[in-house]
There are 2 protein chains.
Amino acid sequence: MAYRKTPAELRRLEAAREHLVACATSVVAEVGWAQASVTAVADAAGIAAGSVYQHFPSKTALAVEVFRRAAGREVEVLGEVLAAPGDPVERLSRGVQVFARRALENRGLAYALLAAPAEPAVGAERLDFRRRYRALFAAVVREGIKEGVLPEQNGEITAAALTGAVGEVLVDPLGHPGTTTTDALLAELTAMALRCAGAPAA
Amino acid sequence: MAYRKTPAELRRLEAAREHLVACATSVVAEVGWAQASVTAVADAAGIAAGSVYQHFPSKTALAVEVFRRAAGREVEVLGEVLAAPGDPVERLSRGVQVFARRALENRGLAYALLAAPAEPAVGAERLDFRRRYRALFAAVVREGIKEGVLPEQNGEITAAALTGAVGEVLVDPLGHPGTTTTDALLAELTAMALRCAGAPAA
DNA sequence: GGAAACTCTGAATGGTGATTCACTTCTTCC
DNA sequence: GGAAGAAGTGAATCACCATTCAGAGTTTCC
């Protein structure tokens with residue numbers, strides 16, 4: 001009787017699960033949550049629709065996992081940039097750039113994380129994600145205030161504005177002459193962010 | 001043979017349609033687009049599900065009408081405030097306050113207009129709505145630059161930041177001690193908006 | 001009053017997509 | 001090799017709504 005899974009088998013199963021999550025992430029980034037049906041995701045992963053349920057109890061559970069992984073990566077990256085030692089204003093500037101650049105480089109995924117229509121469970125994750133983003137920005141703003149390089153203000157609101165602004169720019173790319181290139185857009189965003197936090201003009 | 005509808009009958013039909021749109025708006029504001037089924041909306045309006053199709057060819061058409069009406073009102077109100085004569089900085093400040101206050105006073109509707117999951121047709125309307133909001137803000141910012149009361153900047157991005165910031169604050173009310181009252185929140189938002197546009201501190 | 005044309009009703013229809021399950025295929029262990 | 005159990009399959013099932021439609025109720029106009 002075959003009671004125990006061999007280590008190789010366990011690895012294979014784990015790999016299959018990872019592959020499924022990765023493929024699902026791609027599908028979501030390409031077509032959004034609404035269009036990412038179980039069948040579409042299973043097809044992308046090269047398995048049968050029913051097999052998805054070997055790894056996740058429901059489509060919702062898979063969606064939440066996809067969101068958490070992707071969002072977690074973003075929060076981690078931003079956290080590292082913002083928590084680095086050094087001038088808060090400088091860090092804020094870098095943080096906005098990293099946030100925006102990563103979003104622009106993988107626009108589909110960024111849209112899925114920030115704004116795309118999604119089922120309630122994913123929506124709840126999204127709230128948490130935004131909250132964490134804001135907390136990161138807010139911490140730096142508060143530091144800046146304490147060090148006297150930023151004026152008195154509600155850091156949470158400034159942080160909300162920064163996430164909101166980047167999200168807004170992403171969702172509708174502002175086809176404005178003079179802001180067409182990524183670099184120009186990043187420069188404008190950064191300048192706006194610094195003004196928003198009340199940093200003296202560069 | 002009854003060929004012509006009497007004026008009273010026409011009025012009654014028109015009123016029924018208006019009532020349907022109004023009830024649908026309430027339902028959407030309360031439970032969001034996703035939960036606003038034809039049955040739920042019809043129940044709210046006190047008619048049968050099938051009767052909805054006397055007034056609109058599809059659920060989508062009704063949803064679009066609901067969105068347009070509500071969004072149109074908001075754009076109009078904001079437009080009046082921002083287009084008033086006077087100091088651009090002052091107008092900007094008032095505009096943000098009006099935008100935010102109205103949103104906070106009818107949070108459900110504001111969320112539906114700005115962010116709630118919705119079908120593609122409504123999503124398209126939303127893009128347009130946001131674009132119009134941004135255009136209004138951007139015009140004032142550009143005026144401020146021209147008059148020399150605001151520093152050189154990309155008005156579109158500042159405008160995007162303002163809409164994004166208010167939306168962000170709305171979606172997740174920042175349960176922060178000291179920012180609990182509407183007035184305090186409005187004051188903080190306004191201050192942030194002025195910094196964001198580069199207006200000198202009040 | 002009553003025929004014609006309209007509005008309203010709500011149960012039946014139809015389409016979509018998640019989930020299940022009887023079956024096949026693969027692994028483990030004797 | 002082969003029995004026992006697990007994983008994989010995909011067609012069938014199920015649930016959920018938007019939409020339709022046959023019949024009931026109203027209004028119009030002679």
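Letters A, B, ... mirror the listed sequences (proteins, then strands); counts begin at 1. Here the structure is a predicted model, which is why all the values come from computation and not from measurement.
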Could you tell me the separation between the CD atom of B:Glu119 and the P atom of C:dT16, rounded to a whole number of Å? 16 Å
Tell me which residues in residues 57-67 of chain A lie within less than 4.0 Å of DNA chain C, going by non-hydrogen atoms. A:Ser58, A:Lys59
CG of A:Asn154 to CG of B:Leu189, rounded to nearest 0.5 Å, is 9.0 Å
For A:Ser93 and A:Val89, indicate whether the former's side chain and the latter's backbone hold a donor-acceptor pair under 3.5 Å. no
Each nucleotide of nucleotides 7-13 of chain C classed B (base within 4.0 Å of a protein heavy atom), S (only sugar-phosphate) or -, in 5' to 3' order, makes SBBB---
For the CD atom of A:Glu168 and the CG atom of B:Leu114, what is their distance to the nearest 0.5 Å? 8.5 Å
What's the angle between the local helix axes at either end of the helix from C:dG1-D:dC30 to C:dC30-D:dG1, using five pairs per end and rounding to 10 degrees? 0°
How long is the line joining CZ of A:Phe56 and C1' of C:dT20, in whole Å? 19 Å
Rounded to whole Å, how long is the line connecting atom CG of A:Asp43 with atom C1' of C:dG17? 13 Å
For A:Glu156 and A:Ala138, indicate whether the former's side chain and the latter's backbone hold a donor-acceptor pair under 3.5 Å. no
A:Arg11 CZ to D:dA7 C1', straight-line distance once rounded to whole Å: 18 Å
Would you give the length of the straight line joining atom CZ of A:Arg195 to atom CG of B:Leu150, rounded to the nearest 0.5 angstrom? 9.0 Å
Measure the distance from CG on A:Leu10 to P on C:dT27 and round it to the nearest whole Å. 14 Å
Enter the distance from B:Gln97:CD to B:Leu92:CG here, rounded to the nearest 0.5 Å. 10.5 Å
Assess whether a salt bridge exists between B:Lys59 and B:Glu119, defined as any Lys/Arg side-chain N lying under 4.0 Å from an Asp/Glu carboxylate O. no
Quick one: does any side-chain atom of B:Arg134 pair with a main-chain N or O of B:Thr163 as donor and acceptor, under 3.5 Å? no
Which residues share a ring-ring contact (aromatic ring centres under 6.0 Å, His included) with B:Phe99, sequence neighbours left out: B:Tyr133
Count the heavy atoms of every other residue, nucleotide or ligand shown that sit under 6.0 Å from CZ of A:Arg68, and state whether that count exceeds 12. no
Does anything in residues 72-87 of chain A form a salt bridge (Lys or Arg N to Asp or Glu O under 4.0 Å)? List the pairs, not counting sequence neighbours. A:Glu74-A:Arg102
Can you tell me the distance, in whole Å, between the CD atom of B:Gln35 and the P atom of D:dC16? 12 Å
Which pair of heavy atoms, one from B:Trp33 and one from B:Ala112, lies closest together, and at what distance? NE1-O, 3.1 Å
Strand-adjacent residues in residues 20-29 of chain A, judged by heavy atoms under 4.0 Å from DNA chain C: none
Distance from A:Glu18 atom CD to A:His55 atom NE2, nearest 0.5 Å? 10.5 Å
